[in-house]
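Data block below; observations after.
Note: hydrogens, waters and symmetry copies are ignored here, and every other heavy atom, side chains too, is used.
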Amino acid sequence: MSADPTQVLAFETDCHIFDGCGFPAPGLHSFLFKPIWGDADSNLYFNKPMLLALLGSIIIIGFFWAAFAKPKVVPGKLQMIAETGYDFVRRGIVYETIGKREGEKYVPLIVSLFFFIWMMNLWAIIPLAQFPVTSIIAYPAVLALIVYIVWVSLTFKRHGFVGAFKNFTGYDKSLGAVLPLAMTIELFSNLLVRPFTHAVRLFANMFAGHTLLVLFTIATWYLLNGIGIAYAGVSFVMVLVMLAFELFVQALQAYVFVLLTCSFIQGALAEKH
């Protein structure tokens, strides 16, 4: 295997089974990238995941701009696709979770989150890119932080300091003597565990999926030697299976992330807790 740990998905192309070289298993090095610009040691650089995040944002903005710049009563194909996606998030997620009256103002945020996350996930199966941006923890963490700030600020705005405190702690005087313990657990869960799991759920699924996809891809190449070719065929079938499965998981994780976001917002807006 290459000695350079920043070589993405590094494995020797002339290394096959029975050649005396070990299997170049993927690992953390598969998620490290050489800077395209700048110096990694100075923490001021631009690498492949950043490029994909930038390109993904441009693609999403460009798509919806092209679809809705000149909307028509009888929509064309592009406008129809955009409207279908927009209405799916608005009606199927926001309205169903928050309600139409309260939820309408949050539709732009939820739609933006959904399609941004989906696009970042889709890079994993797009040729040349072949890397899910959300498998780098920083990206889900920032998205979860945005949701966290919206949720907490909205809770304080809607209920005031005392009401927000009761919201976060699940205050219920009927609990009696266990109320302090219950409030402490709820406070810890809501303000610390909830945003952490919100980010990690997306990150962990995309990290694991990409690792498995890379594993079977490398295994297919590694086994292409002698009798190993028969096993390479099986490994290649698994690559195809993983690609199909990843397509499902990519959309599902975008859906789950925004569904939880709507759930947080709905909890912040609710009058009774």
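A heavy-atom distance below 4.5 Å is not found between the side chains of K34 and K48. Inter-residue side-chain proximity for L260 and R201 is flagged as met; some heavy-atom pair is nearer than 4.5 Å. Inter-residue side-chain proximity for I218 and P24 is flagged as met; some heavy-atom pair is nearer than 4.5 Å. Inter-residue side-chain proximity for L154 and L269 is flagged as met; some heavy-atom pair is nearer than 4.5 Å. Contact check for L122 versus L247: side-chain heavy atoms found under the 4.5 Å cut-off. Counting heavy atoms from C-beta on, the side chains of Y139 and L202 never come closer than 4.5 Å. Residues F116 and L113 fail the side-chain proximity criterion, which asks for heavy atoms closer than 4.5 Å. Between F23 and L215, the closest side-chain pair of non-hydrogen atoms falls below 4.5 Å.
Hydrophobic clustering places L109 together with F63 (ILVMFWY residues linked when any side-chain heavy atoms are closer than 4.5 Å, directly or through intermediates). The cluster map of Ile, Leu, Val, Met, Phe, Trp and Tyr, joined by side-chain heavy atoms under 4.5 Å apart, puts V142 and M206 in different clusters. Under a hydrophobic clustering in which Ile, Leu, Val, Met, Phe, Trp and Tyr are joined whenever their side-chain heavy atoms come within less than 4.5 Å, directly or via other members, W37 and I136 fall into the same cluster.
Qualifying side-chain contact (heavy atoms from CB on, under 4.5 Å) partners for L128, counting only residues two or more places apart in sequence or in other chains: none. Looking at residues two or more places apart in sequence or on another chain, you find a ring pair (Phe, Tyr, Trp, His ring centres under 6.0 Å) between W151 and Y148, F168, F264. For E246, the side chain to side chain donor-acceptor pair (under 3.5 Å) test picks out no residue, with sequence neighbours left out. Shown here are the ring pair (Phe, Tyr, Trp, His ring centres under 6.0 Å) partners of Y255, two or more places apart in sequence or in another chain: there are none. Scanning for ring pair (Phe, Tyr, Trp, His ring centres under 6.0 Å) contacts around F257 gives H198, with sequence neighbours left out. Evaluation of the side chain to side chain donor-acceptor pair (under 3.5 Å) rule for Y106 yields no partner, not counting sequence neighbours. Remark: F203 pairs with F207 by the ring pair (Phe, Tyr, Trp, His ring centres under 6.0 Å) rule, at least two apart or across chains.
One finds the CD1 atom of I265 at 9.5 Å from the OG1 atom of T155 (value rounded to the nearest 0.5 Å). The CZ atom of F245 lies 9.0 Å from the CG atom of L212; values are rounded to the nearest 0.5 Å. With rounding to the nearest 0.5 Å, the separation of CG in L179 from CG in D172 is 7.5 Å. Taken from CZ in F88 to CZ in F115, the straight-line distance is 8.5 Å, to the nearest 0.5 Å. Between T261 atom OG1 and Q266 atom CD the span is 13.0 Å, to the nearest 0.5 Å.
Residue pairs meeting the side chain to side chain donor-acceptor pair (under 3.5 Å) criterion with at least one partner in residues 110-126, sequence neighbours excluded, are N121-T134. Residue pairs meeting the salt bridge (Lys or Arg N to Asp or Glu O under 4.0 Å) criterion with at least one member in residues 207-219: none, sequence neighbours excluded.
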Per-pair distances, 0.1 Å, donor-acceptor, side chain in residues 225-242, under 3.5 Å, sequence neighbours excluded:
residue, atom, partner, partner atom, Å
N225, ND2, I17, O, 2.6
N225, ND2, D19, OD1, 3.2
S235, OG, F216, O, 2.8
S235, OG, T220, N, 3.3
S235, OG, T220, OG1, 3.0

Please tabulate, one pair per line, all N/O donor-acceptor pairs under 3.5 Å involving side-chain atoms of residues 50-57, not counting sequence neighbours.
residue, atom, partner, partner atom, Å
S57, OG, A53, O, 2.9

Acceptor/donor pairs from residues 65-77 side chains to any protein atom, 3.5 angstrom cut, sequence neighbours excluded:
none

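At least one donor-acceptor pair under 3.5 Å links the side chain of S153 to the backbone N or O of V150. Between the side chain of H210 and the backbone N or O of F131 there is no donor-acceptor pair closer than 3.5 Å. With hydrogens and angles ignored, the 3.5 Å screen pairs no side-chain donor or acceptor of S189 with any backbone N or O of I185. Side-chain atoms of H159 come within 3.5 Å of backbone atoms of A270 as a donor-acceptor pair (strictly under, hydrogens ignored).
Open room surrounds OH on Y45; 12 or fewer heavy atoms of other groups in view lie less than 6.0 Å from it. Counting heavy-atom neighbours within 6.0 Å of F46 CZ, excluding the residue itself, gives a total above 12.
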- [ ] Take W221 and L224 through the test side-chain contact (heavy atoms from CB on, under 4.5 Å) and record every step on the way to the result.
- [x] CA-CA 5 Å; W221 179 259; L224 285 175; 3.9 Å; yes
